[in-house]
Amino acid sequence: QVQLVESGGGLVQAGGSLRLSCAASGRTFSSYAMAWFRRAPGKEREFVAAIGRSGSSTYYVDSVKGRFTISRDNAKNTVYLQMNSLEPEDTAVYYCAATSGYWLVLSRYDCWGQGTQVTVSS
């Protein structure tokens, strides 16, 4: 279990960019795989992107491929989500999550931050 705090959300126009950050407490950040999820108004939580422990392996939901990039800096205990070409459909609360399990088993992401709001206007 790690403590996660997201930041970087805000209000942007369609076509704009934001970079979200997720800061993790502790000295064992590199032992966790990390992911971003989001929850749009009136919808269930949706997987967005995941990154392996070394940062060399990534996976994205189809709707954000080519627009979003997940990365991590293990020296800073931080994972990032660079979001470009934002669309109104990207409006959601974005959460980072951690797992000590296999990075592509999404049900194993059981450590969550509080979320940061991203709003994209038309």
Side-chain angles (χ1 to χ4, degrees):
Q1 195 87 11
V2 297
Q3 305 300 313
L4 306 174
V5 180
E6 302 94 336
S7 62
L11 173 64
V12 298
Q13 290 187 315
S17 298
L18 284 173
R19 189 179 76 159
L20 306 184
S21 299
C22 175
S25 63
R27 301 289 300 275
T28 59
F29 177 69
S30 62
S31 68
Y32 294 92
M34 301 294 296
W36 288 94
F37 295 78
R38 64 188 181 186
R39 178 176 274 112
K43 296 185 178 180
E44 296 298 315
R45 185 185 65 194
E46 175 190 30
F47 167 78
V48 178
I51 189 166
R53 291 167 174 82
S54 71
S56 61
S57 298
T58 59
Y59 180 77
Y60 302 89
V61 68
D62 285 346
S63 61
V64 308
K65 286 181 179 177
R67 300 189 298 121
F68 291 11
T69 302
I70 188 171
S71 62
R72 66 190 296 161
D73 186 339
N74 287 346
K76 296 182 178 180
N77 283 16
T78 303
V79 63
Y80 305 95
L81 186 67
Q82 178 67 47
M83 305 185 295
N84 299 326
S85 301
L86 283 162
E87 304 168 352
E89 293 76 15
D90 297 316
T91 295
V93 177
Y94 284 71
Y95 302 89
C96 65
T99 180
S100 60
Y102 299 108
W103 73 294
L104 290 178
V105 180
L106 301 185
S107 63
R108 299 298 302 275
Y109 285 92
D110 55 1
C111 298
W112 298 88
Q114 295 298 306
T116 185
Q117 176 71 50
V118 172
T119 303
V120 184
S121 62
S122 301

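Basis for what follows: all heavy atoms, side chains included, without hydrogens, waters or symmetry-related copies.
- Distance OG1/T58 to CZ/R72: 12.0 Å, rounded to 0.5 Å.
- Between the CD atom in E6 and the SG atom in C22 there is a gap of 5.0 Å [rounded to 0.5 Å].
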Can you give the donor-acceptor pairs under 3.5 Å from side chains of residues 78-85 to other protein atoms, not counting sequence neighbours?
{"unit_1": "T78", "atom_1": "OG1", "unit_2": "K76", "atom_2": "O", "d": "2.8"}
{"unit_1": "Q82", "atom_1": "NE2", "unit_2": "N84", "atom_2": "OD1", "d": "3.0"}
{"unit_1": "N84", "atom_1": "OD1", "unit_2": "S17", "atom_2": "OG", "d": "2.9"}

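- Rounding to the nearest 0.5 Å places CD of E46 at 8.0 Å from OH of Y94.
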(Q) L86 vs F68, test: side-chain contact (heavy atoms from CB on, under 4.5 Å). Steps then yes/no. (A) CA-CA 9 Å; L86 283 162; F68 291 11; 3.9 Å; yes
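- How far CD1 of I51 is from SG of C96: 12.5 Å, rounded to the nearest 0.5 Å.
- Here the OH atom belonging to Y109 is positioned 6.5 Å from the CZ atom belonging to F37, to the nearest 0.5 angstrom.
- Checked options V12, L11, T119; the residue passing with L18 is V12 (criterion: side chain to side chain contact (heavy atoms under 4.5 Å, CB included)).
- Using a 30° and 60° split on the angle between ring planes, Y59 and F47 fall in the parallel class, below 30°.
- For the pair F29 and V2, the minimum side-chain heavy-atom distance is 4.5 Å or more.
- Heavy-atom neighbours of Q117 CD from other residues, nucleotides or ligands within 6.0 Å: above the threshold of 12.
- Within 6.0 Å of CZ on R67 lie more than 12 heavy atoms contributed by other residues, nucleotides or ligands.
- Counting heavy atoms of neighbouring residues, nucleotides and ligands inside a 6.0 Å radius, atom NZ of K43 does not exceed 12 of them.
- When each of V93, T91, V118, V64 is tested with R38 by the rule side chain to side chain contact (heavy atoms under 4.5 Å, CB included), just one qualifies, namely V64.
- How far CG of N77 is from CE of M34: 9.5 Å, rounded to the nearest 0.5 Å.
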